[in-house]
Amino acid sequence: MTKLVIFDLDGTLLNTIDDLATSTNYALQCAGYPQHDLFAYRYFVGNGINKLIERALPYDKKTESEIARLRKDFVEYYGKHMCDLSRPYEGIVSLLEALQERGIALAVASNKYQEATRKLIARFFPQIDFAVVFGQREGIPVKPDPTIVYDILRVTGVEKEETLYVGDTNVDMTTAINSGVRSVGVTWGFRPQLELEESGAKAIVHHPDEILSLL
């Protein structure tokens with residue numbers, strides 16, 4: 001029996017790609033570097049802000065100091081504009097409400113930095129009582145390291161066997177495998193179905209309502 005559903009944020013609960021791309025392009029522009037089109041960012045995101053910036057930088061500029069410099073501009077801009085174009089995917093709100101009505105605990109496990117993760121959840125899902133909302137926290141390794149899932153299980157008191165993990169990328173499917181929980185890959189996010197299948201997704205869904213049948 002499923003007692004807990006853990007959701008990835010970007011590409012799973014929210015379509016955030018436009019604001020992420022705009023904010024990264026802003027940081028690149030400030031530094032005098034070439035910008036990228038929206039499609040490229042679907043493959044840049046997924047491993048946290050530092051990795052996003054590293055992937056967006058020119059090949060010979062991927063240094064720790066340069067990543068840190070652009071991160072500062074990114075966070076300043078994204079902090080003001082993260083809700084400009086981002087929206088919940090169709091059917092997500094009704095899914096969360098249905099899960100909540102069934103008494104299933106809900107959690108978020110994101111590689112987005114903690115402050116932004118909490119702000120987006122509060123902004124777009126004020127009616128949902130998430131048991132845990134974890135983004136990237138200082139000193140905690142990013143997904144696919146399983147620590148974030150272990151921390152959620154510890155806080156909620158739910159066992160691995162009672163947990164469903166929902167995400168849209170290979171990072172998410174690998175996180176589920178590493179933490180020993182069941183994985184569900186969603187096709188409405190940033191990556192293709194083939195990537196999810198090759199990354200070991202235990203189930204694939206094409207609309208949020210389908211998750212209810214997997215509980």
Side-chain angles (χ1 to χ4, degrees), residues 1-23 38 41-42 45-46 48 78-136 143 148-149 151-153 155-156 158 162-169 171-173 175-176 181-193 195-196 201-215:
M1 178 180 177
T2 301
K3 295 183 179 180
L4 168 67
V5 180
I6 302 174
F7 290 93
D8 171 55
L9 180 59
D10 301 280
T12 301
L13 293 177
L14 295 176
N15 185 351
T16 56
I17 199 69
D18 292 276
D19 289 328
L20 288 168
T22 300
S23 299
L38 182 64
Y41 281 100
R42 297 172 70 92
V45 301
Y78 191 66
K80 299 174 182 177
H81 298 280
M82 69 176 73
C83 299
D84 286 0
L85 299 172
S86 297
R87 296 291 184 272
Y89 287 100
E90 181 183 355
I92 283 294
V93 172
S94 61
L95 168 65
L96 295 175
E97 290 174 341
L99 292 171
Q100 187 167 258
E101 288 172 3
R102 295 188 184 193
I104 295 173
L106 304 174
V108 174
S110 177
N111 275 342
K112 187 190 295 292
Y113 61 99
Q114 180 73 3
E115 179 184 355
T117 299
R118 287 191 177 276
K119 182 176 179 179
L120 286 166
I121 290 297
R123 166 65 176 82
F124 290 108
F125 307 108
Q127 73 278 48
I128 304 300
D129 184 20
F130 285 95
V132 187
V133 176
F134 280 156
Q136 183 182 356
K143 301 182 296 183
I148 191 170
V149 173
D151 286 347
I152 290 171
L153 296 177
V155 172
T156 59
V158 178
E162 301 168 325
T163 302
L164 198 64
Y165 182 102
V166 183
D168 71 304
T169 71
V171 173
D172 295 307
M173 301 304 100
T175 301
V181 300
R182 289 177 293 148
S183 60
V184 179
V186 306
T187 60
W188 58 78
F190 300 157
R191 303 288 178 80
Q193 180 172 337
E195 176 177 308
L196 299 169
K202 295 303 181 184
I204 300 288
V205 297
H206 307 287
H207 189 275
D209 287 349
E210 296 177 52
I211 292 173
L212 294 174
S213 66
L214 302 174
L215 300 178

How far does [atom1] of [X] sit from [atom2] of [Y], to the nearest 0.5 angstrom?
X	Y	atom1	atom2	result
Leu96	Ile104	CG	CD1	11.0 Å
Thr117	Glu115	OG1	CD	10.0 Å
Thr22	Asp84	OG1	CG	8.0 Å
Thr163	Leu153	OG1	CG	4.5 Å

Check step by step if side chain to side chain contact (heavy atoms under 4.5 Å, CB included) holds for Phe190 and Asn15.
-> CA-CA 8 Å; Phe190 300 157; Asn15 185 351; 3.8 Å; yes

Residues Ile204, Gln193; criterion side chain to side chain contact (heavy atoms under 4.5 Å, CB included); working and verdict = CA-CA 8 Å; Ile204 300 288; Gln193 180 172 337; 3.9 Å; yes

Heavy atoms only: give me the nearest [X]-[Y] pair and the separation to one decimal.
X	Y	result
Gly167	Thr12	CA-OG1, 3.4 Å
Gly79	Tyr113	N-OH, 4.2 Å
Asp209	Ser94	OD1-OG, 4.2 Å
His207	Gly91	CE1-CA, 4.3 Å
Val45	Arg42	CG2-O, 3.9 Å
Tyr41	Ala21	CD1-CB, 3.4 Å

Quick one, [X] and [Y] - any side-chain contact, counting heavy atoms below 4.5 Å?
X	Y	answer
Leu99	Leu212	yes
Asp10	Lys112	yes
Glu97	Val93	yes
Ile148	Ile6	no
Thr169	Glu195	yes
Ile211	Leu164	yes
Leu14	Phe7	no
Val155	Asp151	no

Side chain [X], main chain [Y], donor-acceptor under 3.5 Å:
X	Y	value
Arg87	Cys83	yes
Asp19	Leu85	yes
Arg182	Ala176	no
Ser183	Lys202	yes
Ser213	Glu210	yes

Flag if over 12 foreign heavy atoms under 6.0 Å of CD, Glu90 |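 Incorrect, the count does not exceed 12.
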
Next item on the list: Could I get the full list of salt bridge (Lys or Arg N to Asp or Glu O under 4.0 Å) partners for Lys3, not counting sequence neighbours?
Entry: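 If we apply the salt bridge (Lys or Arg N to Asp or Glu O under 4.0 Å) test to Lys3, skipping adjacent residues, the hits are Glu162.
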
Residue set satisfying salt bridge (Lys or Arg N to Asp or Glu O under 4.0 Å) with Lys143, at least two apart, ordered chain then number -> Asp8, Asp172

Trace of the side chain to side chain contact (heavy atoms under 4.5 Å, CB included) decision for Ile152 with Leu4
CA-CA 10 Å; Ile152 290 171; Leu4 168 67; 4.0 Å; yes

Can you list, pair by pair, the side-chain donor-acceptor contacts under 3.5 Å of residues 121-135, counting residues two or more places apart and other chains?
none

* Return the orientation label for the Trp188 and Tyr89 ring planes: parallel under 30°, perpendicular over 60°, tilted otherwise. =>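 Answer is tilted, since the angle falls between 30° and 60°.
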
